[in-house]
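Below: one structure, written as C-alpha cells.
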Protein chains: 2
Amino acid sequence: MCGMDDASAAPPRRRQKTVSGERQATLRDVARAAGVSQATASRVLNGSIRNVRQENVDRVLAAAAELDYTPHLSAQAIARGSTNTAALVVSGVDDPYFSSIAGGVTEAAEAAGLIVTMAVADRSPERELQIVRTLRGMRPRAIILAGSRIDDPGTRDALAQELDAYREAGGSVVLISQHDLPFHTVSIDNYGGARQLARALVGLGYRRFAMVRAHVGLKTSRDRCDGFMDGLGEFNIDIEERFVVKAEFNRRGGSAAARELVRRGLDGTELVFAVNDVMAIGVMTAFRDAGLVPGQDVAVAGFDDIGPAVDVVPELTSVTVPLRRVGLHAMELALSDDHASRIVPVSTNVVLRGSTPRR
Amino acid sequence: MCGMDDASAAPPRRRQKTVSGERQATLRDVARAAGVSQATASRVLNGSIRNVRQENVDRVLAAAAELDYTPHLSAQAIARGSTNTAALVVSGVDDPYFSSIAGGVTEAAEAAGLIVTMAVADRSPERELQIVRTLRGMRPRAIILAGSRIDDPGTRDALAQELDAYREAGGSVVLISQHDLPFHTVSIDNYGGARQLARALVGLGYRRFAMVRAHVGLKTSRDRCDGFMDGLGEFNIDIEERFVVKAEFNRRGGSAAARELVRRGLDGTELVFAVNDVMAIGVMTAFRDAGLVPGQDVAVAGFDDIGPAVDVVPELTSVTVPLRRVGLHAMELALSDDHASRIVPVSTNVVLRGSTPRR
DNA sequence: CCCGCCTCGGAATGCGATTTCCGGACCTGA
DNA sequence: TCAGGTCCGGAAATCGCATTCCGAGGCGGG
C-alpha cells in the first residue's frame, strides 16, 4: 500500500495548458470529455474491481491527462467514508527531538500512502486540546500525539475524552512517550535510561552532581529526574536542593540554568545532568562563556542523543533514544487496527562520550 | 512505487458500523437531537450571518456538546468549495534548515486558522512532483515549496505545469529560495551573502581556500559557490579544482568531504567554506577526528546560521538567513491573493565567529 | 384593521466523488 | 432459437454539510 495516484502511473503526462481557467476539472468533466458516464470514469480512475472495456479506459485516461484532472480528496473522503490522512501533533518543529520523530512518522506514513498533517502545540495543553478538536474534523485515520505535554489534570481529562470519542468513531490514537492515558503508546524508557546513566556516571568516578530540569508538570522531565535520582540513590548519593535548577525545556533554558548554577556557586560540583540534550548543549555553551571548560572543569550529560550531540566539543554523553524509530513505531501502531490499547516499549541506551571523562 | 491502488482497493465495504460503537455524530444527528432542522443547526454551529432564536441556539449547542459533534471538514470543504489547509513540501524534516522554515510556516498558518499538511520530498524531483500532484487533490489554499530541489529540466517542466494548473484553478503557489519559476517567491540572497562572506574572509587575512559544495544541480549550492568565487575574484583569488569537493547536502556529506580533502592533502589551505552549516559542522567534526583543530589549524565557514552553529567549538562563522521569517513571509505571500507573481527578497548577513579568527 | 416588512425555520438543492442497481449486449449450451 | 449467465455502461442514490429559496409568523405604520 502506498503510492499516490494511479492516474500518474499509467500514461506519460501530457502537457497542454488548460485554457479554461478558474475551475479545477471534475470527474464529470472528464467523463464528458471521454464520452462516458461518471461511473465509468470513476471506475477507471480509482482502479475499482470492476472491469472497463480497454477502449474506454484509454479514452478516460487520455481525457484526464488532457484536463489535468486531480481527484478531489475531500469528495473522495466523503463518498468513501474514510480519508487517507494521518495527523501528528508535536510541541515544536524546531526541536530536533520532535523533528526526528516527525521524520519517522512521515516516512512510515508515506510508505503507507498517507498524507500527514502536522500541528504545533507549543507546549500548551489548551492549544493541544484545541488542535485535537480541529484535527478530528479531518477524520484522519490516526492521530499521533508526540507532545511532552504539561500535566494539567483539567485539560488532560478533556483531552482524554476528546480522544476517546475519536477512537470510538473508528480512529486510532497513538501517544508517544509520556501520556498515561489508555491509548496505544510508544513508551520511551526515560526512567530506566536516566537511572542507567546515573550508575554509569558514578562508575566513572563522579560523586557530586547538579541537575537541570524542566517544569515539574512535564512528565518526561520528571521521569528522567526520578530515574537519575534513584540511580544515584543506589550509591547513597543525593543532590542538594540548591543544585537542582528548573528552566525552560529548550536550549535557552539550559543556558539560563547554567548561568544560575554559576551564580549560586558550583561549589565542587563535578557533573551537571540536563534532562535533555538541547538543554545540555545550552549548559555547555553557557559554561564556556563563563570561562569553564566543559568536560574538564565540569562534566555535562544530557538525554536523547540527538544528532548535534556529537558535533559539540567535547562530544556529549547522553542516553540514546531511537527517535526516528519511535516515529515509525507510532505509525505502525496507528495502522494496526488492534483494538486493545497496546504499549510498545522503546529501550534507551547510555553512551559515554568526552563530556564526561573518567575521573 | 506502491500504487495507491491497494489503498483504494482495500476497503470496498460500505460504511462500517464499528463493532465498538457509534459513528461520528453528523450535523443531522445534532439537528434531530435538538429538535430543529439541519439548516438551523448549521447556522448555529458555523456562525452564519443569519440570526437564530436564542432558545434554538442553546439547544443546538447543547446537543452538539452532548454528541461530541465535530464538523466534517471534508464535507465542509465540498459544500463551501474551499478548504482551510495549506500544504508545505520540504526536502527533509530532520534538517534544521527546513524545520526552521516549517516552524515559521506553521506559526503563520495557525495564526490564519489554517491546517498545514507537510510532505517530505527527500531531494527527489520525481517524488516532489508526485507529492504536488497528490497535494493538489486536497485543494489547499496554498502550496509552499521549500525544497532545495535538484534542477532536472524534465521534471522541472512537469512540476511547473502542475503548479500552473493548480494556480489556474485558484490556488496560490509560493516557492522558497531557489526556484526560477514564475510564481510567488521568497528569495534568499544566496549569491550576495556568499560574496559578502568571501570579502569578509579575505578581509580577515585568508588567501587560500577550499570549498565543500553539493551536487551541481542544486541551485542553492550553485549560487553560494558562485557568489563565493566571485567574491574571491574581486581580490584575484581563485580556488584550485582539487580543493573543491562535492558531497551530499548534509552532515555526513560534510564529513566525507573533509576526509577527502585531508586525503588529497590540505597543502596550506587556510579556510574551508562549506555551502551550508550542517555540512560545515560535519567538516569540523571530521577535521577534529583527523587531528586538526578547527579554527586553529584550518578555519571553517558555513552558511545559514542555524541554531547549532553557536554550539560548536569554535563557534561557526556563517551567513545568517532568517529562516523562521522566511517561513512567515512565505505564508503571508500565499495568503495575499496577489495575482501577479511577486518576489520577496530576504537579505542575508555575514556573522564572523571563532571558526575564522583573524590571521 | 390591514398590509408590507422583517425575522427566522425548514425543505430543497448542490458540491464532487463512489457505489448500487438495473438493463442491454454478448456468449454459450441445449 | 431460446434460456441463462457474464460483462459492462449508465442512471441514480448517497455521503455530510452549506446555502438558497420559500413560507409562516410577529411587528409596526398608515
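Within every chain, numbering begins at 1; the chains are lettered A, B, ... in the order of the sequence lines, protein sequences first and strands thereafter.
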Atom of V132(A), atom of L159(A) and distance for their closest heavy-atom approach: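 Smallest heavy-atom distance, with atoms named: CG2-CD1, 3.7 Å.
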
Original post:
Closest approach of S336(B) and H184(B), non-hydrogen atoms and distance?
Top reply: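 Looking at all heavy atoms of both residues, the closest pair is O-CE1, 4.1 Å.
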
Axis bend over the full length of the helix from dC1(C)-dG30(D) to dA30(C)-dT1(D), computed from five pairs that close each end, to 10 degrees: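 Axis angle across the helix from dC1(C)-dG30(D) to dA30(C)-dT1(D), nearest 10°: 50°.
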
Whichever of G35(A) and T70(B) has its nearest DNA chain D nucleotide further upstream toward 5' |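 Checking each residue's closest nucleotide, the 5'-ward one belongs to G35(A).
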
Query - Upstream residue (5' side of DNA chain C) when R53(B) and R139(B) are each assigned their closest nucleotide - result: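 Upstream on the strand: R53(B).
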
field: Q54(B) or A41(A), whichever maps to the more 5' nucleotide of DNA chain C
entry: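 Upstream on the strand: Q54(B).
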
**Test applied, side-chain contact (heavy atoms from CB on, under 4.5 Å); reference residue, L145(A); option that passes from T185(A), L163(A), L88(A), L181(A)** =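 Output: one option passes, namely L163(A).
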
Problem set entry | Heavy-atom side-chain proximity of T26(A) to V30(A) below 4.5 angstrom |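 A side-chain contact is absent here, since even the closest heavy-atom pair is not under 4.5 Å.
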
Q: Report yes if some heavy atom in the side chain of V93(B) is under 4.5 Å from a heavy atom in the side chain of F98(A); otherwise report no.
A: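 In short, these two side chains do not touch, never coming nearer than 4.5 Å.
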
Between [N] atom [atom2] and [X] atom [atom1], what is the distance in whole Å?
X	N	atom1	atom2	value
I78(B)	dA18(D)	CD1	P	12 Å
L45(B)	dT19(D)	CG	C1'	15 Å
Q24(B)	dC17(D)	CD	C1'	14 Å
L67(A)	dG16(C)	CG	P	14 Å
H72(B)	dG16(D)	NE2	P	7 Å
N84(A)	dA17(C)	CG	P	14 Å
R28(A)	dT18(C)	CZ	C1'	15 Å
N46(B)	dT19(D)	CG	C1'	10 Å

- Task: Scan L27(A) against the nucleic acid and name what it touches under 4.0 Å (heavy atoms): base, sugar-phosphate only, or nothing.
- Result: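 Base: the residue L27(A), judged by heavy atoms under 4.0 Å, touches a nucleobase.
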
Distance check: side-chain N/O of [X] vs OP1/OP2 of [N], anything under 4.0 Å?
X	N	result
S42(A)	dA17(C)	no
S37(A)	dA11(D)	no
Q76(B)	dA18(D)	yes
N56(A)	dG9(D)	yes
N51(A)	dC8(D)	yes

Notebook entry, point to check: Is the number of heavy atoms from other residues, nucleotides or ligands within 6.0 Å of CD (E126(B)) greater than 12?
Noted result: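 Atom CD in E126(B) is crowded, with more than 12 foreign heavy atoms closer than 6.0 Å.
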
Legend entry - Out of dC17(D), dA17(C), dA11(C), whichever nucleotide has its closest atom nearest the side chain of A39(B):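 Among dC17(D), dA17(C), dA11(C), the one nearest the side chain of A39(B) is dA11(C).
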
| Do R43(B) and dG10(C) share a donor-acceptor pair, side chain to base, under 3.5 Å? |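 Check passes, donor-acceptor contact within cut-off.
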
**Asked** Can a donor-acceptor pair under 3.5 Å be found between the side-chain atoms of R80(B) and the base atoms of dG14(C)?
**Response**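 No pair found.
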
Exercise. Report yes or no: do R127(B) and Q130(B) form a side-chain donor-acceptor pair below 3.5 Å?
Key: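 Result is yes, a qualifying pair exists.
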
Give a yes or no on whether a salt bridge exists between R53(B) and D58(B), defined as a side-chain N under 4.0 angstrom from a carboxylate O.
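So R53(B) does not pair with D58(B) through a salt bridge.
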
